[in-house]
Asks: 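So that we are looking at the same thing, I have put the structure below in structure tokens.
All chains are named by letter (A, B, ...) in the order of the sequence lines, taking the proteins before the strands, and each is independently numbered beginning at 1.
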Amino acid sequence: MARGTFTGGVHPYDGKDLSRHMPIKTVYPRGIVVFPLLQHMGAPAIPCVKVGDPVLTGQMIAKADGDFSANIHSSVSGMVVAIRDCETVGEKQEKCIVISNDDRFSEIPYPPVRKFGNLTPIAIESAVRGAGVVGMGGAGLPTHIKLSYEHPDEIDYCIANCVECEPYLTSDYRRIVENPAKVLNGLRILLKVFPKARGIIALDESMQDVYSELRRYTAGDHRIYVKKLESKFPQGSERQLIYALTGRTMNSKMLPSDIGCIVNNVDTLVAVNQAVMLYEPLLTRLITVSGDCIARPRNYRVRIGMSYAELIERAGGFSSRPALILDGGTMTGKRITNLNVPITKLSSGIIALSKDRAAAMKETACSRCGRCVEICPDKLLPITIYNDALKGDKTSFIKHHGLECCNCVCCSYICPSKIDLADKINNMKREILANPDEAGDYSRRLSYREQK
Amino acid sequence: MTGTKPFTKSSMTTGGMMFLVILSLLPSVYMGVFHYGLHAALIIVLSTSTAVVCELLFEVIFRRTITINDYSAAVSGLILGMILPPNVPLYFPVVGSAVGILAFKMAFGGIGKNILNPAMTGKLLLVVAFRSKMNDYSCDSFGKQTPLTDMVNGNDVNLVDLLTGNTAACIGTGCAVAILAGAVILLLVGIIDLSIPIGAFISFTILMILFGKNGWNPVFFAVQYIGGSFLFTVFFMAEDYSTRPLTKKGRLIFGLIFGCFTAVFRLMGYVEDAVVFALILCDLTVVIIDRKLLPVPFGLIQTGRSARKIREARRRRERLERERAEEKDSDDMVWENELDTDVLESDSRTPEDRG
């Protein structure tokens with residue numbers, strides 16, 4: 001049963017009007033392009049080119065290491081100049097392949113396009129695997145993992161996530177406005193893998209225009225449904241999304257496939273469509289460049305490996321000096337201090353803000369107002385768990401279901417005392433999950449990372 | 001500079017909430033001063049300023065962070081002033097406030113850590129120490145007794161006076177209209193919710209019907225609700241953040257307990273003081289309620305029922321699909337020619353602004 005929403009959640013300022021009306025623009029990188037070997041969950045890919053090798057656009061430069069890893073392809077043509085540690089988002093040093101771009105973008109030859117009617121689940125899965133498609137929502141789980149579920153008959157719902165609850169980001173919206181056919185075809189490809197599934201395209205209630213258009217497109221297709229969901233953070237989070245659409249609930253020990261659902265971001269579906277129909281690997285992604293310090297906020301189709309600094313420069317630069325630059329939206333993004341870091345498959349936007357609102361707010365003592373309890377989408381007691389984490393009391397942390405926390409950071413957002421609950425809870429959670437004996441069943445979701 | 005998400009936060013602060021509470025209390029303060037005159041105003045000013053000064057002094061002496069700018073001390077002091085009779089000597093609010101703040105708030109560790117409501121403990125102390133003085137409501141033309149006591153003693157009560165506050169009562173608790181106006185403000189801005197009031201009214205009403213010896217008499221109930229600070233305590237004092245349970249369910253139970261205690265104390269013969277004892281006793285139960293009533297996390301329990309529901313949904317769908325398949329033979333390839341489609345266009349090779 002569709003509820004259209006979930007209990008709890010917050011309504012942060014979304015700032016989507018800055019960029020949602022501007023069409024997507026394509027930008028091409030110049031000069032050096034950097035490909036980190038870790039652009040997904042799981043183990044870093046293994047380079048399959050050497051320094052000095054010439055590469056073409058679309059050529060594989062790093063091969064997946066294991067099931068939870070993904071191939072990486074060069075998005076430009078040119079020459080490999082180095083394979084070394086470079087700085088990536090979050091001030092980390094990671095091994096990267098550095099390619100100097102010859103500005104010609106000469107492509108490897110692609111086979112002729114596939115016929116939709118001839119597709120088989122195995123062909124689809126291997127095409128997706130080969131193209132290095134990963135979930136574009138942020139977690140970066142390789143998409144072929146979701147497609148290779150051992151009981152495809154048990155999947156009832158195949159959900160295209162276009163809710164985009166994250167503030168400022170509008171790339172999913174632009175994607176579905178500009179390429180609805182690609183999204184629909186991507187969804188139809190997934191429905192071929194899961195023969196008993198229904199496809200649901202989940203939209204935000206503010207996307208009325210797309211809603212009617214998609215309804216028209218899918219009128220003759222009895223397997224695809226279009227649904228509108230309430231604008232609320234974190235509506236786009238897997239658990240809340242599934243609950244709002246199907247009424248099925250899921251906890252931290254489970255995967256969506258356990259309750260018969262597969263969730264994919266619309267951008268991922270487009271990548272699936274490109275990979276399966278055209279053999280095109282994942283070379284570009286949509287990046288929202290927005291915020292009040294950006295001269296011309298809009299969405300850009302960007303080659304993976306381009307640096308943020310170059311993207312901002314090509315996007316018209318800053319209109320004023322930003323106090324806060326974020327990779328991603330204001331709720332779940334990461335602060336960027338050095339703009340010379342590459343865009344990866346997991347980037348989603350770059351937001352430059354003139355005011356660092358959160359930093360200006362001082363933390364005060366908790367008044368036990370209970371707002372965090374009211375808005376917690378997981379129905380936890382954030383403040384109790386936070387106190388357990390402060391004390392380092394693992395037993396009561398687990399007893400109060402601290403491991404169920406999905407790290408949506410709503411509690412930190414809403415707290416009138418400006419306490420950073422989510423950060424502390426998440427640290428504690430990670431500490432416990434690092435030890436499989438204490439984590440018990442909860443280690444299952446995290447096991448992706450461990451498979452190295 | 002924070003390094004962690006979220007990078008945006010709601011604009012509501014503790015100070016902001018407490019300020020709204022003060023605003024919502026102002027109608028009652030105004031009505032109290034209007035009816036009882038300057039002395040009442042002086043009591044309120046004294047109790048409020050004592051509370052703030054005490055908190056400030058405590059924090060300066062013990063070198064804690066200064067927290068008077070979150071207005072919580074001001075709220076406690078203001079409320080204490082409002083629940084005192086209008087003609088008490090001026091050292092009453094000073095003593096009550098000082099003890100409430102120093103011994104029952106700051107000694108526990110400040111806002112959010114106190115177990116007992118500071119204003120109510122202040123009043124409790126005064127009630128215990130000066131029982132007769134605290135039960136003397138005479139002021140200007142008003143009599144010594146409140147309407148509730150009057151009614152208990154078998155006299156007639158004017159309901160309209162009870163609504164407008166034109167009667168003997170504590171300074172801030174006499175006017176039902178002003179209290180309800182304040183409660184509506186708090187409800188609208190989301191500072192309180194209705195779970196405590198609902199619980200309190202339910203259990204109080206049931207017990208009063210059963211044992212009040214007045215049956216359904218509406219006048220009796222109106223006086224019981226409005227008189228004796230019941231309304232004020234339910235909407236303003238029981239909702240004190242530090243001393244109420246965290247969850248909605250817990251608050252409902254808290255309200256039920258409060259209603260029970262109040263009814264029991266009133267039936268035992270404590271008229272005006274019933275809510276004082278009831279609230280203090282209830283505050284002691286909060287720790288237990290919070291510990292025992294853990295909410296069930298989202299999706300934690302996957303019952304056989306939900307698994308069965310999934311199975312049923314599957315069967316229903318299969319039947320539906322079989323019916324549909326009979327209706328028309330769906331053709332996979334139809335759409336490919338039908339839509340003016342970009343499905344087979346490259347996504348990365350869009351020929352725009354290259355170079």
Asks: For Leu282(A), is it the side chain, the backbone, both, or neither that has a heavy atom closer than 4.5 Å to a heavy atom of chain B?
Replies: neither

Asks: Which atom pair, heavy atoms only, marks the closest approach of Cys369(A) to Met17(B)?
Replies: CB-CE, 4.0 Å

Asks: What pair of heavy atoms forms the shortest contact from Thr8(B) to Met331(A), and how long is it?
Replies: CG2-SD, 3.7 Å

Asks: With a 4.5 Å heavy-atom cut-off, do Thr4(B) and Lys424(A) have their side chains touching?
Replies: no

Asks: What residues form a side chain to side chain contact (heavy atoms under 4.5 Å, CB included) with Ile289(B), not counting sequence neighbours?
Replies: Pro245(B), Ile253(B), Phe254(B), Ile257(B), Thr285(B), Leu293(B)

Asks: Quick check on the interface: out of Ser10(B), Ser242(B), Gly16(B), Pro295(B), who has the most heavy-atom pairs with chain A under 4.5 Å?
Replies: Ser10(B)

Asks: May I ask you to say whether Arg368(A) pairs ionically with Asp240(B), meaning some side-chain N is under 4.0 Å from a carboxylate O?
Replies: no

Asks: When only pairs under 4.5 Å are counted, which of His400(A), Glu154(A), Lys334(A), His11(A) shares the most heavy-atom pairs with chain B?
Replies: Glu154(A)

Asks: Heavy atoms, side chains only, cut-off 4.5 Å: are Phe7(B) and Leu324(A) in contact?
Replies: yes

Asks: Tell me the closest heavy-atom pair linking Leu294(B) and Lys399(A), and the distance in Å.
Replies: CD1-O, 4.2 Å

Asks: By a 4.5 Å heavy-atom criterion (distance strictly below it), what part of Asn273(A) contacts chain B: side chain, backbone, both, or neither?
Replies: side chain

Asks: Do Arg371(A) and Tyr241(B) make a side-chain contact, defined as non-hydrogen atoms from C-beta onward lying under 4.5 Å apart?
Replies: yes

Asks: Do Pro297(B) and Asp378(A) have side chains that approach each other closer than 4.5 Å (heavy atoms only, starting at C-beta)?
Replies: no

Asks: Side chain from CB out, backbone as N, CA, C, O: work out which of these in Pro377(A) comes under 4.5 Å of a heavy atom of chain B, or both, or neither.
Replies: backbone

Asks: What option among Glu404(A), Arg285(A), Glu178(A) has the most heavy-atom pairs under 4.5 Å with chain B?
Replies: Glu404(A)

Asks: Quickly, which of Leu326(A), Thr332(A), Asp420(A) forms a side-chain contact (heavy atoms from CB on, under 4.5 Å) with Lys5(B)? Name it, please.
Replies: Thr332(A)

Asks: Tell me, do Val296(B) and Lys379(A) make a side-chain contact under 4.5 Å, heavy atoms counted?
Replies: no

Asks: Arg175(A): which residues meet the salt bridge (Lys or Arg N to Asp or Glu O under 4.0 Å) condition with it, sequence neighbours left out?
Replies: Asp267(A), Asp347(B)

Asks: Between Tyr243(A) and Phe298(B), is the ring centroid distance below 6.0 Å?
Replies: yes

Asks: For Asn426(A), is it the side chain, the backbone, both, or neither that has a heavy atom closer than 4.5 Å to a heavy atom of chain B?
Replies: neither

Asks: Who among Thr384(A), Thr249(A), Val270(A) has the most heavy-atom pairs with chain B under 4.5 Å?
Replies: Thr249(A)

Asks: Taking all heavy atoms of Pro6(B) and all of Ala358(A), pick out the closest pair and write down the distance.
Replies: O-CB, 3.9 Å

Asks: Please identify, among Val373(A), Asp156(A), Leu380(A), Val10(A), the residue contributing the most non-hydrogen atom pairs under 4.5 Å to chain B.
Replies: Asp156(A)

Asks: Applying a heavy-atom distance below 4.5 Å, give me the residues of residues 100-115 of chain B that approach chain A, sorted by number.
Replies: Ile111(B), Gly112(B)

Asks: What residues of residues 60-73 of chain B sit under 4.5 Å from chain A when only non-hydrogen atoms are counted?
Replies: none

Asks: Any salt bridge between Arg251(B) and Glu374(A), counting N to O under 4.0 Å?
Replies: yes

Asks: NZ of Lys418(A): more than 12 outside heavy atoms within 6.0 angstrom?
Replies: yes

